[in-house]
Every structure is written in C-alpha cells, then in structure tokens.
Amino acid sequence: MSFYSPKFIRPNVDSCIDTERLNELESEQELARFNGHSELSLDVQRQQLPIFKHRSQMLYALETHRVVVVVGETGSGKSTQLPQYLWESGWTDSKHSICVTEPRRIATINLAKRICDEKSCILGDEVGYAIRFEDCFTPGRTKVKFVTDGLLIRELMQNPLLPQYSVVILDEVHERNTNTDIVIGLLKKIMKKRHDLKLIVCSATVDAEEIKLYFDEGEKNKNSNNLSTCIVSVEGRYYPIEISYLTEPCDNYVKASVTTAMAVHFDQQDNDGDILIFLTGQDEVDEAVSKLIEKATELKSLKKKNFKKLWILALYGSLPVSEQLKVFERTPKSCRKIIVSTNIAETSLTINGIVYVIDSGFMKLKAYDSRLGSESLITVPCSKSSANQRAGRAGRYRSGKAFRLFPETEFQNMKQHTPPEMQRCDLASVVIQLKALGIDNICRFDFLSAPPSKNLVNTLELLHALEALDHNSKLTNPLGFQMAEFPLHPTYSKALINAEKFGCAQEMLSIIAMLQVQHVFITPSGRKIQADKSKLKFTCTEGDHITLLNVYKSFTDKLSKNKKSLANWCQSNFLNFKSLVRASQIREQLRMILRKFKIDMSSSCGDRTEPILRCLCTAFFANAATAHYSGDYRHLKSNVSLKVHPSSVINLFLANVDLPAPKYVIYNDIVQSKTTYLIRDLSVVDCKWLHELVPNYYEFGTDREIRETNDKRLKLS
DNA sequence: GAGCACTGC
C-alpha cells in the first residue's frame with residue numbers, strides 16, 4: 001500500500017468546514033491559546049476574532065437587505081458575535097428579540113453560556129436558550145435566545161408569524177437537516193407577510209449562492225427589493241493540511257486504516273499529534289481497535305527506547321458517555337492517541353490535538369426505501385465536502401496530514417455534497433407538521449431541496465391509512481391535528497391516541513416513550529454473557545415491545561428509591577440509566593399533550609398483552625411481515641425479504657428448534673446489513689387482527705380470492 | 001452465530 005501527496009489544501013475553501021464548536025473553547029485558557037494570547041480581556045479577544053473586521057459590513061448588509069447569507073469559516077466567531085452585534089446596535093426591544101437556531105442541544109446551551117460570559121450577564125436573563133424539556137429564558141427580558149431548530153418549528157405552530165423575533169439567525173445550515181430545511185422554507189413564506197423580519201443564514205461557501213438564489217427567486221419579477229439577499233464572507237482560522245491519496249484502491253479499508261495508522265506512528269516518531277480514523281460503524285471501529293491493540297502490544301515487546309506508547313480509543317454514539325469522554329483527555333507526553341471513530345467526530349464532537357486523519361471514504365447514511373415505506377441505514381462513499389470536513393479535523397491544532405484510503409480519481413468521482421436529509425428520509429412527520437401549519441399543498445411548498453415525489457406519494461398514502469388525512473388530503477379533525485402536535489412519528493402518535501379504545505393507555509404511554517430512546521440495554525466490553533443473561537429477566541414471548549414495557553415497569557417500581565440506588569440498579573441490570581430517565585421525561589410530556597386534548601389515559605390492561613399488541617397493529621400495520629419457509633421474513637406489502645435483527649428477543653425463540661417461528665410480526669425499525677434488511681423492535685401479532693383493524697390496507701385471501709374481489713370492485717365502479 | 005451513522009421535537 002502506498003500513498004502519494006498531490007497537493008496541500010486549505011480544506012474549508014471548498015467544503016463544509018464551518019462547524020464552529022464553542023464547546024471546545026469552553027475554558028478561558030483554550031480560547032486564549034486559540035487566539036494566541038493568554039491574558040487578554042474577553043473584550044479584546046472578541047475584537048481579535050476574524051468576524052470583528054466585518055462588523056459594520058454585516059450590520060449594513062442587514063440594514064439594506066432582508067436576508068443575509070454569512071459564509072463563516074471555522075473559528076470566525078460568527079455564532080457568538082453576530083447575535084451580540086445585533087443586540088448592541090439596537091435590533092431588540094421589549095417586544096422583539098433575536099433568535100438563533102442550532103441543530104444540536106449541546107451547542108445551543110454552550111453558545112448561550114459563552115455569550116453570557118462575554119457580556120457578564122446571567123444565563124436566562126438577557127441571554128437565554130430553550131431546548132426540549134428545558135426553558136432558560138425570560139419572555140420580555142431575553143434579548144438573545146438560542147433554540148434548537150426543531151423547537152423553533154414547535155414555536156411556529158403556536159405563533160406562525162413569530163412576532164416575538166426581529167431577527168432570526170439560522171446556524172449550521174450547510175448540514176441540511178430536515179428541521180433546518182423546514183425552518184428555511186417557512187421563514188421564506190413568513191417574510192412575505194412580516195416585512196420587518198430579517199433573516200441571517202450561516203452556511204459554508206458552496207451553498208451560499210444556492211441559498212441566495214432560493215431567496216431571490218420569484219422576487220425579481222415583482223420589481224421589489226424586498227427579499228433581496230446578500231452574501232458576506234468571513235475568513236476562518238485553520239492550518240494547512242497535506243492530503244495524501246492511495247495510489248491504488250484498497251479492498252479492505254479497515255485493515256488499511258490500521259496499517260496506515262501504524263505507518264504514521266513510526267514515520268512521525270519525532271512529532272507529537274494524535275491520529276483520528278474515520279470508519280462507518282461500531283463493528284468496524286471495534287475490529288480496528290482490537291487490531292491496533294494487537295500491534296501496540298507487539299510494539300511494546302520490541303522495547304525500543306524513546307518510542308511513544310499508543311493509547312487506542314473507540315468512539316461511537318452508543319458508547320457509554322464515560323467512555324466517550326476519554327477521547328477528550330489530554331494525551332501524555334510519552335504517548336500518542338489513536339481514536340477510531342464513526343461519523344460522530346465529523347460534526348458532533350471536536351477533539352483537540354488531532355494532527356493526522358485517516359479517512360475510509362465511506363459513511364452510513366439514512367436512506368428511504370419506498371417499497372418498504374421506511375428509512376434504513378446504508379453504507380455509501382462519502383461526499384467531497386464530507387471528506388474535506390474530515391480532513392479539516394487535522395488542522396485545528398497545527399498543520400496536519402490527511403490520508404485518504406482511496407485514489408484521487410475516486411475523490412473526483414464523489415458527489416460534491418451529501419444529499420440533504422429531506423431527500424432521503426421518511427416524510428410522515430414533515431408532511432403532518434407542514435399541514436398543521438396550514439400548508440395543504442405540500443407538492444407546491446417551496447422547499448430548498450424538494451423531496452422525491454415518490455416518497456411524498458407514499459407518505460400521503462400512509463397518512464390516509466392512519467386516518468390523519470381525509471379524501472381531500474386535509475388534516476382530519478381532531479385526529480390529524482392532534483397527531484401533528486406530538487413530537488413523534490405519526491404512527492407512534494396514532495398508537496397513543498388509540499390506546500384508550502383498547503384499554504391499555506398506561507402501557508402504551510410507556511412503550512412509545514421507551515421506543516423514543518436509544519440504547520436501553522447496554523453491553524459493557526467483555527461482559528456480553530452477563531448482559532445477555534440479565535436481559536432474559538425482562539424478555540417475553542410476545543416480543544420486544546412488551547419486553548421494553550417490562551423494563552420500564554421494573555424501573556418505575558424502583559422510582560421511589562433515591563437517584564443513586566436507581567442508577568446502581570440500572571447498572572447491575574445492564575440498563576442505561578440516562579435513557580430510562582429520558583424515557584420517563586418523554587412519557588410525562590406525551591401524557592401532558594394527551595391531557596390537553598382531553599384524551600383519557602387512565603386505562604390499564606394489567607397483565608394482559610393482547611390489547612397492547614392489537615393497538616400496535618392499528619399504528620404499525622404498514623410494518624407487518626410474515627414468516628417465509630426459507631427461515632426469514634417477508635414484508636407483507638412488498639414481499640421484500642427481511643431478517644430479524646440480532647438484538648431482538650424474538651431470536652431467543654427462533655433459536656429454539658422446537659418452537660415454530662411466529663407467523664406474523666410487526667416491527668418499528670429497519671437497518672440494512674451488508675446482505676439483508678434487519679428488522680428491530682418487533683412483536684408477534686395475529687393475522688386476523690390486521691384484517692379486522694385495518695381492513696382497507698391489506699387484501700386478504702388466496703390469490704384467486706383477491707383477484708375475484710378486485711374484479712367485482714371493477715365491475716361495480 | 002447473527003450487529004446497531006448522527007441529530008431533533
């Protein structure tokens with residue numbers, strides 16, 4: 001395996017390197033180091049940020065235009081400074097504040113905190129934030145309010161014209177999350193009615209022109225300058241990065257990443273600096289980590305003097321937080337850290353001290369499968385901007401190197417950008433939310449990137465089947481409107497609203513809340529056998545939903561105990577304490593929404609499970625599968641072959657040859673493995689229930705019977 | 001024996 005290095009790049013010139021992360025600048029020292037000065041006042045530090053030079057230009061742009069696109073590169077300081085400039089120059093009053101949206105909760109809180117430090121004010125007073133379950137602002141007093149973009153959509157549902165804001169700043173728009181895209185579309189619409197509202201869109205270079213065109217479109221021929229848009233660019237702070245490519249493609253990037261990491265470690269003995277490897281999933285990360293540990297042990301036995309030791313760490317979302325935090329610990333002088341990570345290190349977490357990046361060039365991406373009517377994860381080559389973003393992780397500390405485990409020709413063949421999430425996700429929540437906001441004709445909604453019409457048609461079909469939409473594709477009253485108000489996928493809210501009819505409201509609340517949190521069961525490294533055994537205590541033959549209910553019931557039985565003993569109970573039962581606490585928060589929020597609609601939720605079915613399973617059928621009927629003689633399952637509607645995910649409790653029964661495989665199941669989630677689709681969170685159901693509860697969705701009978709019924713229908717029409 | 005990118009309401 002050999003590399004060549006065709007050129008140095010400044011990766012952010014051509015990419016999405018825009019994710020300015022304040023959390024890494026949390027301590028004063030770090031900010032000072034970043035600025036190259038150690039004992040300067042916060043005021044002086046503010047003035048040294050690249051954006052300071054553009055202060056008056058920015059303010060002038062906003063004065064003369066309705067929309068300003070700010071192209072701010074890494075470290076420009078735009079997320080913290082822009083809101084302060086506007087505040088300082090009188091863009092707020094007792095009735096209007098500045099709203100800043102972020103895609104993630106952590107950034108939302110940290111940015112608000114940072115501005116409070118710079119302005120010496122109290123968090124929640126003049127500067128505040130709001131995220132789900134956490135309001136930290138004072139209406140009428142708060143001048144700058146940070147919110148997650150998802151929460152702004154909820155605010156829009158309460159107050160469609162956002163009268164409380166004079167300026168809305170959208171941050172990290174280049175990430176193109178569905179929520180950000182929805183907010184952009186809605187704001188464009190709102191600004192036609194609210195002529196005093198201003199909008200600032202923060203994005204990376206390449207998108208700026210597209211966004212400008214989007215906002216200018218349709219305005220020019222009106223001969224008005226009203227929605228005129230202008231672009232302001234701000235330089236960032238970064239160091240040059242040398243990019244190397246493989247001379248020939250490699251057939252196994254996991255192995256190649258290990259070899260490359262070891263080669264870098266040897267070649268760069270005299271240099272410090274940590275190594276960051278990008279792979280696609282947990283299995284690959286674990287594989288690479290164990291291989292690297294092997295190599296590191298070999299290295300130790302060589303006993304070469306002055307040779308740096310290796311400290312190898314895995315990083316992915318389902319890792320316990322305590323293990324995730326290890327990547328932020330300072331590397332000892334005699335050591336080099338190698339972090340093997342999934343995409344989490346590309347946007348969500350920024351690690352200091354990285355000088356070398358090794359990039360597999362692949363990522364897992366959400367994809368919508370219209371046959372199955374659901375989204376799943378697939379492994380695909382990443383985009384150019386993604387590869388550049390990853391490379392950029394090497395240049396935040398000093399000049400760095402990036403090793404791409406593919407040839408340069410392959411880079412040239414990559415897509416410029418990762419397609420916006422809107423074009424590859426399940427649209428049910430998007431559609432129902434837009435409908436609730438009064439946008440009845442979704443096809444004509446002015447999306448920044450319109451979703452494929454096939455996905456839209458599928459979604460409308462599902463929403464009809466769920467009875468959220470009527471024959472005119474309008475939200476049904478009250479069901480459709482109620483469903484839209486839940487922070488849930490419409491299938492889940494349907495299950496909740498239906499639960500009382502089946503007399504299992506209490507149970508359904510717990511199940512739906514549990515399905516919202518991830519990683520309920522944990523498997524600490526090396527303790528798989530004990531963890532699996534512990535899971536058996538909660539397992540039941542009905543499937544994963546009732547198993548989750550059992551977990552939640554056991555957890556709440558212990559709720560009277562103090563927090564610490566509850567956490568201990570979770571740990572000894574291999575359960576994720578944080579997830580369960582969050583599930584109980586979500587359960588409470590859902591209960592409050594149901595109460596608002598005056599839907600009685602007092603019923604409980606006790607130890608009976610059939611009412612629960614029947615109720616689940618009325619919501620998840622589209623995700624029904626039937627056992628196939630080949631041993632796997634077939635999606636009832638499309639006949640696509642499905643396998644049961646190894647995490648499902650159903651496996652325990654499939655493994656027992658004496659028991660027949662459950663004939664019919666419904667499921668909540670699909671993941672795509674290298675060979676097949678795997679279904680997760682499933683329950684055993686009866687075919688008759690589907691027939692009885694959703695008679696219009698499936699046709700039942702033999703092929704001949706179905707044909708005959710269809711013929712009869714045709715004659716009738 | 002199988003295996004689970006990342007956010008968010």
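First the proteins, then the strands, lettered A, B, ... as listed; each starts at 1. Atom set for the values below is all heavy atoms of this structure, side chains included, hydrogens, waters and symmetry mates excluded.
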Nearest heavy-atom neighbours spanning T547(A) and C540(A): OG1-N, 3.5 Å
- prompt: Who are the side-chain hydrogen bond (donor to acceptor under 3.5 Å, both in side chains) partners of Q571(A), not counting sequence neighbours?
  reply: none
task: Would you confirm whether the ring centroid of F362(A) sits within less than 6.0 angstrom of the ring centroid of Y253(A)?
output: yes
Report, one line per pair, each donor and acceptor closer than 3.5 Å where one atom sits in a side chain of residues 573-582 of chain A; sequence neighbours left out.
{"unit_1": "N573(A)", "atom_1": "OD1", "unit_2": "K537(A)", "atom_2": "NZ", "d": "2.5"}
{"unit_1": "N573(A)", "atom_1": "ND2", "unit_2": "W569(A)", "atom_2": "O", "d": "2.8"}
{"unit_1": "N576(A)", "atom_1": "OD1", "unit_2": "K578(A)", "atom_2": "N", "d": "3.2"}
{"unit_1": "N576(A)", "atom_1": "OD1", "unit_2": "S579(A)", "atom_2": "N", "d": "3.4"}
{"unit_1": "N576(A)", "atom_1": "ND2", "unit_2": "H519(A)", "atom_2": "O", "d": "3.1"}
{"unit_1": "N576(A)", "atom_1": "ND2", "unit_2": "S579(A)", "atom_2": "OG", "d": "3.1"}
{"unit_1": "S579(A)", "atom_1": "OG", "unit_2": "Q518(A)", "atom_2": "O", "d": "2.9"}

message: What is the distance, to the nearest angstrom, from the CD atom on E175(A) to the C1' atom on dA5(B)?
response: 13 Å
statement: For F486(A), the ring-ring contact (aromatic ring centres under 6.0 Å, His included) test, sequence neighbours excluded, returns none
field: For atom CG of D181(A) and atom C1' of dC9(B), their distance in whole Å
entry: 16 Å
Atom-to-atom span, CZ of R424(A) to C1' of dC6(B) - whole angstrom: 10 Å
message: Looking at dC9(B), I'd like to know if its phosphate oxygens (OP1 or OP2) sit under 4.0 Å from a side-chain N or O belonging to T148(A).
response: yes
- prompt: Rounding to a whole Å, what distance do you find between K366(A):NZ and dG8(B):P?
  reply: 12 Å
- prompt: Could you state the CD-P distance from E421(A) to dT7(B), rounded to the nearest angstrom?
  reply: 12 Å
query: With sequence neighbours excluded, what pairs up with Y492(A) under the ring-ring contact (aromatic ring centres under 6.0 Å, His included) test?
result: F620(A)
- prompt: Roughly, in whole Å, what's the span from CG in N110(A) to C1' in dT7(B)?
  reply: 16 Å
field: Length of the line joining D669(A):CG and dC6(B):P, which is rounded to integer Å
entry: 13 Å
task: Write down the distance between CD (Q518(A)) and C1' (dT7(B)), rounded to a whole number of angstrom.
output: 9 Å
Pairing residues for E410(A) by the salt bridge (charged side-chain N to carboxylate O under 4.0 Å, His left out) criterion, not counting sequence neighbours: none
task: Looking at every strand, decide which applies to Y316(A) at a 4.0 Å heavy-atom threshold: base, sugar-phosphate, or nothing.
output: sugar-phosphate
Please write out the pairs of protein N or O atoms and N or O atoms of nucleotides 2-4 of chain B separated by less than 3.5 Å, giving the distance to one decimal.
{"unit_1": "dG3(B)", "atom_1": "O6", "unit_2": "K528(A)", "atom_2": "NZ", "d": "2.9"}

5' priority, DNA chain B, between M363(A) and L488(A) [closest heavy atom]: M363(A)
message: Any base atoms under 4.0 Å from I131(A), or only sugar-phosphate, or nothing? Heavy atoms, all strands.
response: sugar-phosphate
